[in-house]
Structure formats: structure tokens, C-alpha cells
Amino acid sequence: MRAVSVHPDVLVITSRMWQTNAVALRAGDESMLVDSPYFPDELEALPGLLAGAGFEPDALLATHADFDHLLGRLAFPGLALGLGEPSVARIHREPGAAQRTLREHDEEWYVERPAPLALGQVQGLPVPGSVEVGSEELELHPADGHTEDGLAVMARWCGVLCAGDYLSGVEIPMISPGGSLAAYRATLARLAPLVDAADTVVPGHGAPNGRDGARRILDEDVTYLDGLERGEERPALPKGRDGREQRKIHERNLDVIRSA
Ligand SMILES: [Zn+2]
């Protein structure tokens, strides 16, 4: 687990698993934690690490209802988890899915947890909408397409956009069952002006990028989606995202759009 300060009020914590990012955002004496690291030792160390840096979260927020973004309560069992209303609807439609998928990945990697995942009290938030942190406002923007749900978090006071599972420098666009190509494109179009207004863009997986870097990834993603839409079996993948695992994601993307 790595912690990088991208702004005096923003700490990005990157998990060893899939470079998954959790982001602590502070305004005055209040903090919000967006998403979560994966491994039990990382979750156990998180409260101490954040407190040491002056971030003690008052609330948790997840960008979408994929299991790897929902683990905040394993570190902060006393806090409620905020989710966009589409994510709450998804969880109700697929009860236990996040817990089941987490168990499957834990089994694959021989990960043992002190306690199973319990989402506890979930707070549904309208998207688009906003939530208060101290004297500031976090904007919640719809970000579906990767999955059927999803939101991006814009913290204008510190110039940081938490994009959820978009604009990653390590992962090509992933269209999960429930997501869609059209919705993915619409989300990229919605994210573009937010990227332009941001200093730092933190993707769900992979290193934070400056505005120009994120803009380049966005353009690469649009090009990739064009090839996907044409049904290309072996499109040229963006540099740094062209390995074997990314090819597998492309195969799965083709399956999803063909069965849509
Ligand atoms: Zn993810």
C-alpha cells in the first residue's frame, strides 16, 4: 500500500491489488474516504495511516458497487457507506453479489479476512448531486457504462476528480455485464469538461494523472471504444495497457457487446 499526497487536503492510497485507489478528501476538520484498498493488512493499517496524516474520515463513499470498491467498512466499521442511488438499486437487485465475488477472489489469492464483508447501513445519494464535507461540497456526477451504476466525484476546492473505473493508465475501458458501450461513451463525454477543470485525476486503478495525462488517456479510450464497436478482434491497445491481461479484458468486452 502506497500513500501519495496530491494536494494538502487529498491523500491517495493505492492498494497492492490492481493498484486500486482509495482517496481521502479533507475540508476543514471533516474528511471523506472514497473507495477502499483490498488486502486485510492494508485495511487494518488504513485508520492509523490516515489519522497520522490528519485525515480521520467522518464518512465513506464508493464510486460504484463492484466488490473491490466497497471495502471501506472493513477498516471503519463505525461509519456509514454512501453510495449513489443506482448503486443501491444494483445491490438490492443482486443481493450478496459483492460478498460472493469478494469471496471468490479471496479464495483465488488465498486471502484470509478477520470478518466477512457487511455493507451495514448504506446511504443512497442522488446522482447527479452533492455531499458536504466540512464547508465544501463534493459533486457527484453519473459515471455508468463500466457497470450499470457509478459516479465520479469532483472536489473543486482542491482540483481533484475521482473518476471511478474510468481514465486508468493501467486498464483499458472495461465493460462489465450490466454496463454498455453507449453509456461508457456518454460518461467519457461527461468526464471531459471535469478533467479540463481538474488539476489531478485519480482513477479507480493506477496512478493519479495531471490534466494533460488524463486527457490523453480519455482520447485513447475513445479510440479503443471505436475499435471495440467495430468488433475488432485484435485492436492496437494503448501503450502501457496492451499486455495479456488487457487482451483478456478486450475479449470479455467483445462478449458483452455481442450479447447486448
Ligand atoms: Zn474497480
Side-chain angles (χ1 to χ4, degrees), residues 1-2 12-24 33-40 42-43 46 60-75 81-84 86-88 90-91 94 97-106 108-109 111 113 117 119 122 127 140-153 160-181 183-184 187-188 191 201-209 214 217-218 221 224-225 238 240-241 243 245-253 256:
M1 184 163 68
R2 193 171 64 217
V12 178
I13 296 100
T14 306
S15 173
R16 303 191 303 278
M17 185 68 130
W18 303 306
Q19 299 190 39
T20 309
N21 289 321
V23 186
L33 181 68
V34 179
D35 290 345
S36 55
Y38 182 82
F39 288 111
E42 297 176 324
L43 291 158
L46 191 59
L60 307 171
L61 181 64
T63 54
H64 58 299
D66 277 357
F67 72 100
D68 53 327
H69 299 259
L70 293 177
L71 309 184
R73 285 189 80 254
L74 293 175
L81 176 65
L83 285 169
S87 297
V88 175
R90 177 180 161 196
I91 284 172
E94 323 170 324
Q99 287 86 347
R100 195 164 50 246
T101 315
L102 177 65
R103 259 196 327 270
E104 287 165 8
H105 283 85
D106 283 348
E108 184 182 352
W109 296 101
V111 173
R113 292 187 191 271
L117 174 63
L119 296 179
V122 164
V127 185
L140 309 180
H141 296 271
D144 52 331
H146 161 57
T147 53
E148 69 193 65
D149 58 325
L151 56 83
V153 181
V160 169
L161 172 66
C162 303
D165 278 3
Y166 301 87
L167 306 180
S168 168
V170 296
E171 186 174 86
I172 61 168
M174 185 193 290
I175 304 190
S176 303
S180 88
L181 187 59
Y184 203 111
T187 287
L188 289 184
L191 290 178
V201 177
V202 186
H205 305 272
N209 288 291
I217 291 170
L218 195 152
D221 287 352
Y224 167 74
L225 293 176
R241 298 188 277 166
E245 199 58 34
Q246 302 306 303
R247 289 273 161 211
K248 283 192 214 161
I249 293 174
H250 176 62
E251 295 292 315
R252 293 201 296 269
N253 285 343
V256 170

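Each ligand, and each atom within it, is numbered from 1 in the order the structure gives. For this chain, numbers begin at 1 and follow the sequence in order.
Between the Zn ion (ligand 1) and the N, O or S atoms of Asp68, the shortest distance is to OD2. The atom of Asp165 that is an N, O or S and sits closest to the Zn ion (ligand 1) is OD2. Between the Zn ion (ligand 1) and the N, O or S atoms of His69, the shortest distance is to NE2.
Not one N/O/S atom of Asp66, from backbone or side chain, sits under 2.8 Å from the Zn ion (ligand 1). The Zn ion (ligand 1) has His205 among its coordinating residues (N/O/S atom, backbone or side chain, under 2.8 Å).
Residues Leu70 and Leu102 form no side-chain contact, since every pair of their non-hydrogen atoms from C-beta on lies 4.5 Å or further apart. The shortest side-chain heavy-atom distance between Asp165 and Thr147 does not fall under the 4.5 Å cut-off.
Remark: Arg113 qualifies as a cation-pi partner of Tyr38 under the 6.0 Å distance and 45° angle criteria applied to the six-membered ring.
Heavy atoms only, all atoms of each residue included: Asp68 and Ser36 are closest at O-OG, 3.5 Å.
When Thr187, Asp66, Thr63 are each tested for a side-chain hydrogen bond (donor to acceptor under 3.5 Å, both in side chains) with His146, only one passes: Asp66.
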